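For reference, the structure discussed in these notes is given below.
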Amino acid sequence: MTLTLPFDNSYARLPARFHVRQAPAPVKAPGMIAVNAGLARALGLDAEALAGPDGVAMVAGNLVPGGAEPLAQAYAGHQFGGWSPQLGDGRAILLGEIVSPLGRVDLQLKGSGPTPFSRRGDGRAWLGPVLREYLVSEAMAALGVPTTRALAAATTGESVIRDGRALPGAVLLRVAASHIRVGTFQFFAARQDTEALQLLTDHVIARHYPGAEGPLALLDAVVAAQARLIAEWMALGFIHGVMNTDNMAVSGETIDYGPCAFMDEYHPDTVFSSIDSQGRYAYANQPQIAVWNLAQLASCLLPLIAEDDSEAAAQAAVEVATASIHRFADLYQAAWIAKFGAKLGLTAPTEADRPLIEALLTRMAVERADFTRVFRGLGEGRARDEFTDPAAFDTWAPDWQARLAQDAPGAEARMAGVNPAIIPRNHRVEEAIVAATAGDFAPFHALNAALAAPFDAAADDPFRAAPWPEQRVQRTYCGT
Ligand code: AMP
Ligand code: MG
């Protein structure tokens, strides 16, 4: 069965300074780990062909399919606040774009060999981060969060060395609305390449925000998309872990799953990433970090927003761009109330409901109650069991009941549709990676299947359980 993909590579048609042509490096012994047949079908692709010999060869990088124009994208970025004028795809290669029933999407290989942007890295990925991204990105999609997707993953039959250990190599075939980042704009802004910035702006508008007229409207649209996205993360207890500007997609999709994690015990200061020693990307900091990143995007767009080269025009551009960034706060707060109000079963939550929501979160933080289990428990009548001191819940619940009594009936059903029972818990992801590294992929497949239906698990489903103290994962790693 031959694999035919309807490539139409608009990014490859941008000028040469946007990318470097780079084929994936072939590997010794490709082996398919998983094919996301549902996603393949939704994209109008032949899932069987993708699972066949051509498919595995393509995912592993041994076969460049007809119509692909493989390249590494150039970008820059602020990493933990520190500026890097050149990052780029060091372990990823964009095969090209297809125009699918889901719209135009990128097909990208991650872990497919060195590129001119690899610096000291090997361009490879080991199995752990590939499985983590597969599981978590697909879980996010099932939870309704904008995200890149995992279409397939393959082992390479080669080892990669990480921290002195030889580990199995793997490649992820990732699908994204695009891989254009805040850092892509920064790459050209740092080079004062206004012509490239204009081309990039036009490209992003055409691709993601066709209604936006000009750079300021684009900024407004990205600000709004990020406000919605971060509210989604917060409502799930999701911590991205590396919100560097090169890891923020202008499309508004969650991208670059590294040391990301869903909280078990709730506390706003929670950090998992081993490299985030200052807690810059802690759970509660995510909205303000998004604003910081968006301000970087705004400053890149200033030369395009300004009407002419005059000092007055530059000043006016700063003012309107600043106003655009300031709108994040209101958009985010409204999205946050909508999300958390729905988690309490409310049909039309308003700012007046904030104290009720915050009172619950405060009690959860004091008690270190399990974020997912408390919210799921609200609709199942067992949230109080999640508190070591049930009084912490009992003294809050009457206010909530009184508020629900003013609302439409059916709160239980509404809550069951927004509060997941199953999330990719760190200890489960870790367990799947450890087993797969030893050759057993069954736990990975079982977890992946459970994550596909996060809202309708049986009460005793083992994937709902919080970790035992000894299972608790304290640290997550970039693990490139
Ligand atoms: P990230 O982990 O996505 O924040 O990556 C930051 C930068 O490091 C990007 O430019 C990556 O392409 C690069 N990078 C990460 N891992 C590797 C690797 N194994 N080989 C080469 N480049 C890498
Ligand atoms: Mg990255």
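Since the model is a prediction, treat every value here as computed from it, not as a measurement. We count ligands from 1, going down the list as the structure has it; atoms in each ligand are counted the same way.
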Check: [X] N/O within less than 3.5 Å of ligand 1 N/O:
| X | answer |
| --- | --- |
| G121 | no |
| Q79 | no |
| D122 | yes |

Legend entry - the Mg ion (ligand 2) - closest N/O/S atom in D256: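 Going by distance to the Mg ion (ligand 2), the closest N, O or S atom in D256 is OD2.
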State the atoms of ligand 1, each with its element, that fall below the 4.0 Å cut-off from a heavy-atom position in [X].
| X | result |
| --- | --- |
| G88 | 9 (C), 10 (O), 11 (C), 12 (O) |
| R162 | 19 (N) |
| G123 | 18 (C), 19 (N), 20 (N), 21 (C) |
| D89 | 12 (O) |

Legend entry - Any N, O or S atom of D246 closer than 2.8 Å to the Mg ion (ligand 2):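 No.
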Inset, instruction - For the Mg ion (ligand 2), decide whether N247 has an N, O or S atom at a distance under 2.8 Å. - result: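 Given the 2.8 Å cut-off, N247 counts as a ligand of the Mg ion (ligand 2).
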Could you tell me whether [X] and [Y] make a salt bridge, using a distance below 4.0 angstrom between a side-chain N and a carboxylate O?
| X | Y | answer |
| --- | --- | --- |
| D370 | R464 | no |
| R132 | E430 | yes |
| D193 | R17 | yes |

How are the rings of [X] and [Y] set relative to one another: parallel (under 30°), tilted (30 to 60°) or perpendicular (over 60°)?
| X | Y | value |
| --- | --- | --- |
| F340 | F375 | perpendicular |
| W233 | F238 | perpendicular |
| F371 | Y266 | tilted |

Inset, instruction - May I ask whether D246 places a heavy atom under 4.0 Å from ligand 1? - result: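 It does, in that a heavy atom of D246 comes within the 4.0 Å cut-off of ligand 1.
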Inset, instruction - Please indicate whether K339 has more than 12 foreign heavy atoms, meaning atoms of other residues, nucleotides or ligands, lying under 6.0 Å from its NZ. - result: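 12 or below, so no.
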Legend entry - Whether over 12 other heavy atoms sit under 6.0 Å from R13 CZ: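 Buried by this count: over 12 neighbours within 6.0 Å.
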Legend entry - Region of L87 engaging ligand 1 - heavy atom pairs below 4.0 Å: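 Both the backbone and the side chain of L87 come within reach of ligand 1.
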Inset, instruction - Give the contacting part of F117 toward ligand 1: side chain, backbone, both or neither, where contact means a heavy-atom distance below 4.0 Å. - result: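 It is neither; nothing of F117 touches ligand 1.
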Legend entry - Nearest candidate to atom 7 (C) of ligand 1, where distance is taken over non-hydrogen atoms, out of R91, R119, Q73: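 Of the listed residues, R119 has the closest heavy atom.
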Legend entry - For atom 4 (O) of ligand 1, the option (of V242, N247, N244) bearing the nearest heavy atom: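 Heavy atom nearest to atom 4 (O) of ligand 1 belongs to N247.
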Legend entry - Test side chain to side chain contact (heavy atoms under 4.5 Å, CB included) applied to L43 and R149, step by step: CA-CA 11 Å; L43 290 169; R149 303 288 305 267; over 6 Å; no
Inset, instruction - Run the numbers on T148 and Y257 for side chain to side chain donor-acceptor pair (under 3.5 Å), then give the verdict. - result: CA-CA 9 Å; T148 63; Y257 293 86; 5.1 Å; no
